[in-house]
S.K.: 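What follows is a structure written as structure tokens; I'll ask about it next.
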Amino acid sequence: MAGKNIVLFGPPGAGKGTQAVKLKDLLSIPHVSTGDMFRYHIKNSTQLGLTAKEYSNKGQLVPDEVTIAMVKDRLSQPDMKNGFLLDGFPRSVPQAEALDKILTELNMKLDHVVNISVSDDQIRARLAKRASIEGRADDADPKVIQNRIDTYKSQSEPCLAYYRPKGIVHDIDGIGAIDEVFERISSLF
Ligand code: AMP
């Protein structure tokens, strides 16, 4: 399929990060994860990190003005020219609109939205497992997990309705072994 400007979409715990690493290797494109970018800033206690921590610790979205500026800066860099894999952005319709605007300004467009779907129960089970393996603060507390699921449903999921009429959404069943899910995703490209 032509074009490698890709958004990897799905609820927290869908396996986006794991699949992104495999897909960026297959397609030889940079992986841009807003969650990873925020975690880097939090770890290094930058000003941006201090802001991000306030929100991510509660399972809430970091404000758009911070997030969109960070993504714009990254997408403006020269290594994006042959494609990119966005993971964790957009997470709201205003962010999806902002992404279109950024890409238009850069003379680019979005080619694919790969939507990895998993059930709520599966999300909870996976986040609990990740908390014990990776020690991520935002995966450990059931209240924070529920907040992240609620935030996904109310703010992020509507992005799909934004993208569907454009004919660029590919729905992928996220249940199964990592390699099985990757097989489904890679067969798109
Ligand atoms: P993730 O690793 O993608 O689950 O992101 C971890 C946390 O970073 C999220 O719970 C949010 O607090 C924050 N975050 C990541 N991406 C975004 C985004 N696009 N908009 C706002 N906040 C974000």
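Ligands are counted one by one from 1 in listed order, and the atoms in each one are counted from 1 as well. Values below: every heavy atom of this structure, side chains too, minus hydrogens, waters and symmetry copies.
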S.K.: Scan Val118, Asp173, Ile172 and name whichever one has a side-chain contact (heavy atoms from CB on, under 4.5 Å) with Val181.
M.R.: Ile172
S.K.: With a 4.0 Å cut-off, would you call Asp141 and Lys58 a salt bridge?
M.R.: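 Between Lys58 and Asp141 there is no salt bridge, as every charged N stays at least 4.0 Å from the carboxylate O atoms.
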S.K.: Would His31 and Asp87 satisfy side-chain hydrogen bond (donor to acceptor under 3.5 Å, both in side chains), going step by step from the backbone distance to the final call?
M.R.: CA-CA 7 Å; His31 173 206; Asp87 161 12; 2.9 Å; yes
S.K.: How long is the straight-line distance from OH of Tyr40 back to CG of Leu48, given to the nearest 0.5 Å?
M.R.: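 Taking CG in Leu48 and OH in Tyr40, the distance rounds to 11.5 Å.
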S.K.: Show the atoms of ligand 1 that are less than 4.0 angstrom away from any heavy atom in Gln60.
M.R.: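 This gives 11 (C), 12 (O) as the contact atoms.
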S.K.: Using a 4.0 Å cut-off to any heavy atom of Gly35, which atoms of ligand 1 qualify?
M.R.: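 Checking each atom against Gly35, I get 1 (P), 2 (O), 3 (O), 5 (O), 15 (C).
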S.K.: Which value, rounded to the nearest 0.5 Å, describes the distance between Leu103 atom CG and Lys72 atom NZ?
M.R.: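 Rounded to the nearest 0.5 Å, the CG-NZ separation comes out at 11.0 Å.
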S.K.: State the CD1-CD distance between Ile149 and Glu157, to the nearest 0.5 angstrom.
M.R.: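 Atom-to-atom, Ile149:CD1 and Glu157:CD are 11.5 Å apart.
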S.K.: Would you mind telling me if ligand 1 is within reach of the side chain of Thr67, the backbone, both or neither, using heavy atoms under 4.0 Å?
M.R.: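 Only the side chain of Thr67 comes within reach of ligand 1.
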S.K.: Less than 6.0 angstrom separating the ring centers of Phe189 and His112, yes or no?
M.R.: yes
S.K.: Below the 3.5 angstrom mark, is there an N/O of Gly88, backbone or side chain, next to an N/O of ligand 1?
M.R.: yes
S.K.: Checking side-chain hydrogen bond (donor to acceptor under 3.5 Å, both in side chains) for the pair Asp64/Gln95: CA distance, chi angles, key distance, verdict?
M.R.: CA-CA 7 Å; Asp64 276 356; Gln95 288 186 4; 2.9 Å; yes
S.K.: Which protein non-hydrogen atom lies closest to atom 1 (P) of ligand 1, naming both residue and atom, and how far is it?
M.R.: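 That would be Arg91 NH2, 3.4 Å.
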S.K.: Measure from NZ or CZ of Lys81 to the centre of the six-membered ring of Phe84, then state whether that distance is under 6.0 Å and the direction lies within 45° of the axis.
M.R.: no
S.K.: Please confirm whether Lys16 approaches ligand 1 to less than 4.0 Å, judged on its heavy atoms.
M.R.: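 No.
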S.K.: Between ligand 1 and Arg39, is the shortest N or O to N or O distance under 3.5 Å?
M.R.: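 In this structure, Arg39 places an N or O atom under 3.5 Å from an N or O of ligand 1.
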S.K.: Report, in ascending order of atom number, the atoms of ligand 1 lying under 4.0 Å from any heavy atom of Thr34.
M.R.: 15 (C), 16 (N), 17 (C), 19 (N)
S.K.: Please determine if Gln95 has a nitrogen or oxygen closer than 3.5 Å to a nitrogen or oxygen of ligand 1.
M.R.: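 Yes, at least one N or O pair falls under 3.5 Å.
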S.K.: Only heavy atoms of Ser56, strictly under 4.0 Å: list the atoms of ligand 1 that pass.
M.R.: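 Answer for ligand 1: 7 (C), 12 (O).
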S.K.: Show which atoms of ligand 1 fall inside a sub-4.0 Å distance from at least one heavy-atom site of Leu61.
M.R.: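 Answer for ligand 1: 21 (C), 22 (N).
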S.K.: Record the part of Pro12 in heavy-atom contact with ligand 1 below 4.0 Å; permitted values are side chain, backbone, both and neither.
M.R.: neither
S.K.: Evaluate Val62 for polar contact with ligand 1, using N/O atom pairs at a separation under 3.5 Å.
M.R.: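 Yes: some nitrogen or oxygen of Val62 is under 3.5 Å from one in ligand 1.
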S.K.: With heavy-atom distances below 4.0 Å as the criterion, list the atoms of ligand 1 near Arg148.
M.R.: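 Those qualifying, in numeric order: 4 (O), 10 (O).
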S.K.: Suppose we measure from atom 8 (O) of ligand 1 to each protein heavy atom; which comes out shortest, and what is that distance?
M.R.: Phe38 CD1, 3.8 Å
S.K.: So among Val114, Asp111, Leu86, which one has a side-chain contact (heavy atoms from CB on, under 4.5 Å) with Ile6?
M.R.: Val114
